[in-house]
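Quick note: residue numbers are just sequence positions, from 1.
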Amino acid sequence: MEIEKKIRLLEGISQCVPANGAGEDEDNLLQNFLPLRSYSKLADQRIFLITGGRGSGKTELFRILTSCGGLDHVISQKDRRRYTNLGKSIFLTAYAARGPEAKTFPTSNVCDDLLKYEKPDNLNSFWGGLLCSVILQKFQNEEGIRQLADQYFAPAVKENLEKNSSEISGWWKAVDAEKEKWESFLDKADSYFKEKDLCVFLAYDELDRVCGNYEDLFVFIRSLLDFWYRHNSRYTNLKAKIFLRSDLYNAKALGFVDASKMGAYRFELNWNTTALYQLLVKRLANLGIGELVSYLKDVPELLRAEENQALGYMPGDSEQAFEAFAVKLIGRYMGNNAKRGASYTWVPNHIQDANGEMAPRAFLKCFAFAAEDTLYHRDDLPKLESDRLLLPTRLQGAIAKVSRDRVQELTEEEYQWMKNLIRLLDKKTMLMSQEEFLSYLTPENWPDEERNKLPGKTGMEILDALLTLGIFMKTTDGRINVPEIHLHGFGLKRKGGIRRPK
């Protein structure tokens, strides 16, 4: 293959993930979206909680459901036939912290004040009031809904729920004082939608942004889960889809009393090696680069024969085809022989967190960064025989960059308290005794104003949070270790290992 062609192909691979990596900011959601077979569970009306780690695709799936036709592109026609009760449906945003619809919900500082000054025993009325406001705003032109609103809400409360829902002070006290009223309104609205044969799904995302205080966050999340745990089976045509980070759901601080009974109502977003390669192939095929499509089509069964009108090129299902693609792209092994691992499984193995979970965003970035690095070091290209585009060493170097990128993402918004931990751990060597590791987790190591954001009041509680997050792990002999996806981002070192390219 000509070097000029390899350069064009590498330029395409470097574009397979947006610079900021955020699915919610992508312009072409559908052509970048991979509907996994497991997503068919979303059609099950019992499922109201969808959990997944950061970068697992929760927000992208949320956006597809609320902006791109609901379940139309998420589950196959074959799976749709399994759910015979699927009729007309609509997905509404019931909570989001960003985007145009976020302005209809209270800001985090307003929610902080609600707990500070109102001191409610629970927040069922908060979520119930917001649910009423979403229905009133969406169906304000429906005569039946307007009549129900007039029947159950005072004029001022109805107006505030419809027009000023982000201002809690305008409706909170009235809604909380008359729980029977809004409960009856929702019961009757559910019956109304049943008569109309319309299933209204309420989708919640970015719940980690609902308030600023870490401990208060669990009060809001716990009350939302409690609300839908009690109402999901009560309603026939009002249903929820709550997208929640796995670490928040698994955190001891959540204290959700019915967590042990949630198996029938919860769906965990998981990615395996085949699905990750399917996503990479789909992204590459839909970049609009003809030469890249031809490169992919040269591998039998890698792409389906026909394009999907909305989703574009679709990957096949053959694992052998993806293995052949990895061999074509990188070579069979990550070295001269099998000692350093097969190229097909090497990247998935090295982006796993301590819980064994793999984020598709990290997987895509490995290939994008490796392609960028190869373009920068173009003297690599003559070394690549035949159709190969990437040297194993460039992927190995990309892992370190992905690690730094991943940890930076973690600390920018959700886990800002980790910035100080990175400073404390910089240039330390793993493995580390638990005693030494705990010495870095003492809350006194943080400034006074930052301690209320820590996920615990003791070093051991903070360690439990880090283990739950899958950022660190504990070995069988009790020492603390870190997976490679976080090693470089924390500035940590490990004895031995593969030498990275300079």
Side-chain angles (χ1 to χ4, degrees), residues 21 23 36 38 41 49-61 207-208 214 217-218 221 225 242-256 259-260 262-263 266-276 279 345-366 399 402-411 413-415 417-418 421-422 425 430-432 434 437-438 441 454-456 460-490 492 494:
L36 298 178
S38 60
K41 294 181 180 179
L49 177 61
I50 300 97
T51 54
R54 196 183 198 286
S56 62
K58 296 186 303 302
T59 292
E60 182 182 46
L61 186 52
L207 291 165
D208 53 297
Y214 187 79
L217 182 61
F218 293 102
I221 294 173
L225 295 180
I242 302 170
F243 292 84
L244 182 65
R245 287 207 324 256
S246 300
D247 64 285
L248 294 177
Y249 179 72
N250 294 323
K252 293 180 181 179
L254 181 62
F256 182 54
S260 61
M262 285 290 288
R266 179 187 172 205
F267 168 52
E268 177 80 14
L269 294 176
N270 286 313
W271 290 76
N272 59 29
T273 297
T274 300
L276 291 172
L279 179 62
T345 55
W346 193 89
V347 173
N349 288 343
H350 284 73
I351 63 163
Q352 289 186 34
D353 68 9
N355 295 324
E357 295 178 359
M358 300 178 287
R361 192 181 303 166
F363 181 80
L364 294 174
K365 283 184 176 181
C366 275
I399 286 287
V402 169
S403 174
R404 290 189 289 268
D405 200 60
R406 174 79 168 172
V407 172
Q408 183 179 353
E409 283 183 353
L410 292 172
T411 57
E413 295 169 351
E414 287 97 333
Y415 313 111
W417 60 271
M418 284 189 194
L421 181 58
I422 293 172
L425 293 176
M430 304 303 278
L431 302 172
M432 187 182 294
Q434 179 170 307
F437 194 73
L438 285 172
L441 302 184
L454 293 173
M460 186 58 73
E461 289 180 355
I462 297 172
L463 174 59
D464 286 341
L466 290 169
L467 296 176
T468 300
L469 283 167
I471 293 176
F472 289 87
M473 64 183 85
K474 191 181 292 188
T475 64
T476 53
D477 61 2
R479 289 183 294 173
I480 304 300
N481 199 0
V482 61
E484 191 162 7
I485 190 64
H486 301 131
L487 176 76
H488 309 281
F490 274 87
L492 289 161
R494 184 184 289 128

Checking side chain to side chain contact (heavy atoms under 4.5 Å, CB included) for the pair Met460/Gln434: CA distance, chi angles, key distance, verdict?
CA-CA 10 Å; Met460 186 58 73; Gln434 179 170 307; 3.4 Å; yes
Heavy-atom closest pair, residues [X] and [Y]:
{"X": "Pro360", "Y": "Gly55", "result": "CD-O, 3.0 Å"}
{"X": "Ser403", "Y": "Gly489", "result": "OG-N, 2.8 Å"}
{"X": "Pro483", "Y": "Gly470", "result": "CG-O, 4.0 Å"}
{"X": "Asp353", "Y": "His486", "result": "CB-CE1, 3.9 Å"}
{"X": "Ala354", "Y": "Phe472", "result": "CB-O, 3.3 Å"}

Heavy atoms, side chains only, cut-off 4.5 Å: are [X] and [Y] in contact?
{"X": "Ser38", "Y": "Phe267", "answer": "yes"}
{"X": "Glu357", "Y": "Arg54", "answer": "no"}
{"X": "Leu207", "Y": "Ile242", "answer": "yes"}
{"X": "Ile480", "Y": "Leu466", "answer": "no"}
{"X": "Val402", "Y": "Phe363", "answer": "no"}
{"X": "Trp271", "Y": "Leu279", "answer": "yes"}
{"X": "Leu225", "Y": "Leu254", "answer": "yes"}

Students often mix this up, so state it plainly: with edges at 30° and 60°, are the rings of Trp346 and His350 parallel, tilted or perpendicular?
parallel
Distance-only, no hydrogens or angles: does the Lys58 side chain make a donor-acceptor pair with backbone N or O of Thr51 under 3.5 Å?
no
Donor-acceptor check, side chain of Asn355 to backbone of Thr468, threshold 3.5 angstrom: yes or no?
yes
Pairwise distance [atom1]([X]) to [atom2]([Y]) - rounded to 0.5 angstrom:
{"X": "Phe243", "Y": "Glu60", "atom1": "CZ", "atom2": "CD", "result": "11.0 Å"}
{"X": "Ser246", "Y": "Arg266", "atom1": "OG", "atom2": "CZ", "result": "6.0 Å"}
{"X": "Asp247", "Y": "Leu467", "atom1": "CG", "atom2": "CG", "result": "12.5 Å"}
{"X": "Met432", "Y": "Leu438", "atom1": "CE", "atom2": "CG", "result": "10.5 Å"}
{"X": "Tyr249", "Y": "Ile221", "atom1": "OH", "atom2": "CD1", "result": "12.0 Å"}
{"X": "Leu454", "Y": "Ile462", "atom1": "CG", "atom2": "CD1", "result": "4.5 Å"}

Test side chain to side chain contact (heavy atoms under 4.5 Å, CB included) on Leu410 and Leu469 and set out the steps.
CA-CA 11 Å; Leu410 292 172; Leu469 283 167; over 6 Å; no
Without hydrogens or angle criteria, can the side chains of Asp477 and Thr475 be said to hold a donor-acceptor pair below 3.5 Å?
yes
Pick from Ile485, Leu487, Ile351: which one makes a side chain to side chain contact (heavy atoms under 4.5 Å, CB included) with Ile399?
Ile351
